[in-house]
A.B. asks: 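Below you will find the structure I want to go over with you.
Lettering follows sequence order; numbering is per chain, from 1.
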There are 2 protein chains.
Amino acid sequence: MSKILVIDDDVAVLQLLQIYLETQGFIVFTAKSGRAGLELAWEHMPNLVLLDLVMPIMDGFETYRRLRDIGIDSVIIMSHRQDERSAVKALEMGAEDYLRKPINLDILQAKIQTLFRRKNLYSGDVFSLYNDGHLHIDLDARTVMLDGAPVKLTPTEYRLLSVLMRKVGRVVTHEEIIKDVWGAGKKEGLGSLKLYIHYLRQKLEENPRKPYYVLAEWGIGYRLKEPEEVPAEQAA
Amino acid sequence: MSKILVIDDDVAVLQLLQIYLETQGFIVFTAKSGRAGLELAWEHMPNLVLLDLVMPIMDGFETYRRLRDIGIDSVIIMSHRQDERSAVKALEMGAEDYLRKPINLDILQAKIQTLFRRKNLYSGDVFSLYNDGHLHIDLDARTVMLDGAPVKLTPTEYRLLSVLMRKVGRVVTHEEIIKDVWGAGKKEGLGSLKLYIHYLRQKLEENPRKPYYVLAEWGIGYRLKEPEEVPAEQAA
DNA sequence: TAACTTTTGTTAAAATTTTTTAACGCTAGG
DNA sequence: CCTAGCGTTAAAAAATTTTAACAAAAGTTA
């Protein structure tokens with residue numbers, strides 16, 4: 001069964017998560033500091049780490065960096081509302097996902113499930129194809145099809161979709177998107193981003209008012225929906 | 001040494017080519033009809049066939065098709081001025097190159113050399129990269145660099161360049177380019193084609209008046225220059 | 001819950017870029 | 001020297017992108 005390491009300086013959080021995750025069938029390790037967490041990580045090589053960013057002794061970023069050095073790349077960041085900037089930074093550094101405190105256990109479980117499924121599906125991590133039976137994207141061929149019909153995207157729309165594809169199922173922060181689509185030096189890029197998200201939804205979503213593919217992450221960025229498993233005969 | 005088969009109903013042409021090509025060190029077979037040519041082709045599997053399109057018994061197209069069936073894909077079409085349309089058709093069917101009669105032996109030799117070099121260089125036939133030290137094109141990455149500096153192409157310019165790339169060093173007919181860049185139904189596409197050739201030259205050529213890369217083939221189409229061998233340390 | 005704040009979504013218009021169209025000069029080939 | 005086809009230029013048309021303003025929704029606070 002999968003191993004999960006929780007690192008947080010709040011003992012109440014550690015206890016809550018340990019009890020909950022164990023009822024879900026995970027093997028759980030907890031650590032009250034970054035240093036202790038790294039030791040446990042080194043020893044047990046957990047499949048997932050839940051990491052609180054605000055910790056006194058060794059700060060969350062340093063801990064995150066060292067976890068990656070150890071070879072652990074599945075990290076979900078936990079952050080308080082007030083240091084959302086830190087979460088953004090961690091996501092841009094490559095964290096898998098983020099979770100706002102106070103922790104909603106249903107959301108947590110959903111994210112864990114998604115993450116494990118993704119890791120198994122695409123361990124190669126080359127996201128140049130998307131296919132869920134309705135929407136079919138091929139970045140190499142530069143084609144987008146919706147229920148068999150080709151969708152025409154403008155160059156900017158295409159770049160935006162590519163950036164989201166690169167991290168399918170994971171949040172991509174506003175800043176990261178803006179940097180990758182419009183380039184580094186860009187004032188007021190959020191306006192354009194919102195507009196192009198709108199355009200993409202008009203072209204890709206069945207009901208643009210209730211987006212299914214292109215999802216907003218409030219205050220953070222956007223996420224392209226993880227494709228559902230697709231029947232084998234449709235996969236081609 | 002390489003084998004060349006010449007198929008033409010004009011005995012004078014056969015003799016001329018046989019003598020000339022043998023002085024160039026090739027093993028030469030000649031045939032006065034398509035049927036005889038196919039037999040020789042089957043028997044000797046020549047590396048190259050020079051095929052006259054206008055022949056009485058079996059017409060050039062039929063011969064060309066059967067040569068391909070045999071597995072011979074290096075065919076240079078020879079055509080008289082008056083049936084240029086046929087040459088265009090043969091090129092669109094995949095012939096390697098064409099030669100106008102009366103035959104200029106210098107041009108013939110140049111084309112043969114180019115063709116053999118190309119066959120050896122890119123036997124895989126995947127032309128997604130172009131690099132001669134100055135101009136660097138990567139179709140997959142969708143980037144074009146000139147002496148290290150990125151060149152910005154519009155979508156149409158890019159499609160045009162891609163079509164020429166697909167057949168580097170070979171002629172691509174006007175009609176084929178227009179079909180691939182602008183789509184099938186298109187009236188007066190030649191005007192746009194000429195203009196976009198102009199744009200490409202402005203962006204790629206050192207001296208757009210004396211094009212080096214994007215070459216016109218009078219009455220037939222365009223050709224992207226075969227890249228010269230590039231020093232190994234520049235190849236990356 | 002109600003009021004408020006922040007962020008996201010939508011719309012419209014202006015600005016820019018790309019593409020088309022058309023006219024005409026130039027050049028190669030006959 | 002004539003003609004067909006190529007190259008160039010300019011202007012109009014269409015598409016794409018930016019900008020700005022405002023509406024709607026989500027999150028926060030009392």
A.B. asks: Choosing from C/dT20, D/dA26, C/dA28, which nucleotide comes nearest the side chain of A/Trp218?
C.D. replies: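 The closest nucleotide is D/dA26.
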
A.B. asks: Within the structure shown, what part of the strands sits under 4.0 Å from A/Tyr158 by heavy-atom distance: base, sugar-phosphate, or nothing?
C.D. replies: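 The answer is nothing, as A/Tyr158 stays clear of every strand by at least 4.0 Å.
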
A.B. asks: Taking any heavy-atom pair under 4.0 Å as a contact, classify B/Thr156: base, sugar-phosphate, or nothing.
C.D. replies: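 The answer is sugar-phosphate, as B/Thr156 gets under 4.0 Å only of primed atoms, P, OP1 or OP2.
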
A.B. asks: Measure OH/A/Tyr199 against P/D/dT17 and give the value in whole Å, please.
C.D. replies: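 So the OH-P distance, A/Tyr199 to D/dT17, works out to 9 Å.
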
A.B. asks: Given C/dT18, C/dT8, D/dG7, which nucleotide is nearest the side-chain atoms of B/Ala216?
C.D. replies: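 Among C/dT18, C/dT8, D/dG7, the one nearest the side chain of B/Ala216 is D/dG7.
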
A.B. asks: Contact class for B/Ser192 (heavy atom, under 4.0 Å): base, sugar-phosphate, or nothing?
C.D. replies: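 Base contact.
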
A.B. asks: Take the protein atom CZ of B/Arg209 and the nucleotide atom P of C/dT27, then report the distance between them rounded to whole Å.
C.D. replies: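 Distance check: B/Arg209 CZ to C/dT27 P gives 9 Å.
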
A.B. asks: Can you measure B/Glu205 atom CD to D/dT8 atom P for me and round it to whole angstrom units?
C.D. replies: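 From B/Glu205 CD to D/dT8 P: 10 Å.
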
A.B. asks: Should B/His174 be listed as having a side-chain N or O under 4.0 Å from OP1 or OP2 of D/dG5?
C.D. replies: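 It does not, given that no N or O in the side chain of B/His174 lies less than 4.0 Å from OP1 or OP2 of D/dG5.
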
A.B. asks: Could you give the NZ-to-P distance, from A/Lys210 to D/dA25, as a whole number of Å?
C.D. replies: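 For the pair A/Lys210 NZ and D/dA25 P, the rounded distance is 8 Å.
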
A.B. asks: How long is the line joining CD of B/Gln202 and C1' of C/dT18, in whole Å?
C.D. replies: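 Computing the B/Gln202:CD to C/dT18:C1' distance gives 16 Å.
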
A.B. asks: Evaluate salt bridge (Lys or Arg N to Asp or Glu O under 4.0 Å) for A/Asp97 paired with A/Arg223, printing each intermediate quantity in order.
C.D. replies: CA-CA 10 Å; A/Asp97 213 330; A/Arg223 176 197 302 262; 3.1 Å; yes

A.B. asks: Please figure out whether B/Lys194 or A/Gly191 has its closest DNA chain D nucleotide nearer the 5' end.
C.D. replies: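 Here B/Lys194 is the residue nearer the 5' end.
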
A.B. asks: Report the relative orientation of the aromatic rings in B/Phe26 and B/Phe116; use parallel for angles under 30°, tilted for 30 to 60°, perpendicular for over 60°.
C.D. replies: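 Because their plane-to-plane angle lies in the 30° to 60° range, the rings of B/Phe26 and B/Phe116 count as tilted.
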
A.B. asks: Using distance alone, with no hydrogens and no angle criterion, decide if A/Ser74 and A/Glu96 have a side-chain donor and acceptor under 3.5 Å apart.
C.D. replies: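 Absent: no donor and acceptor within the cut-off.
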
A.B. asks: Check each of A/Leu53, A/Asp8, A/Leu51 against A/Met78 using the side-chain contact (heavy atoms from CB on, under 4.5 Å) test, and report the only one that passes.
C.D. replies: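 One option only clears the test, and that one is A/Asp8.
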
A.B. asks: Name the closest nucleotide to the A/Tyr196 side chain, picking from C/dT11, D/dT16, C/dT19.
C.D. replies: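 The nucleotide sitting nearest to the side chain is D/dT16.
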
A.B. asks: At under 4.0 Å, does any side-chain N or O of B/Thr154 touch on OP1 or OP2 of C/dT19?
C.D. replies: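 Yes, because at least one side-chain N or O of B/Thr154 sits under 4.0 Å from OP1 or OP2 of C/dT19.
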
A.B. asks: Rounding to an integer number of Å, can you tell me how far A/His198 NE2 sits from C/dT8 C1'?
C.D. replies: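 Spelled out: NE2 on A/His198 to C1' on C/dT8 is 12 Å.
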
A.B. asks: To the nearest Å, give me how far apart CG (B/Leu200) and P (D/dG7) are.
C.D. replies: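 After rounding, the reported distance stands at 12 Å.
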
A.B. asks: Expressed in angstrom and rounded to an integer, what is the separation of A/Glu157 atom CD from D/dT17 atom C1'?
C.D. replies: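 To the nearest whole Å, that distance equals 10 Å.
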
A.B. asks: Given D/dT16, D/dT18, C/dT19, which nucleotide is nearest the side-chain atoms of A/Trp182?
C.D. replies: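 Among the listed nucleotides, the one closest to the side chain of A/Trp182 is D/dT18.
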
A.B. asks: If you count the non-hydrogen atoms of other residues, nucleotides and ligands that lie under 6.0 Å from CD in B/Glu92, is the total more than 12?
C.D. replies: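 Enclosed: over 12 neighbouring heavy atoms sit under 6.0 Å from CD of B/Glu92.
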
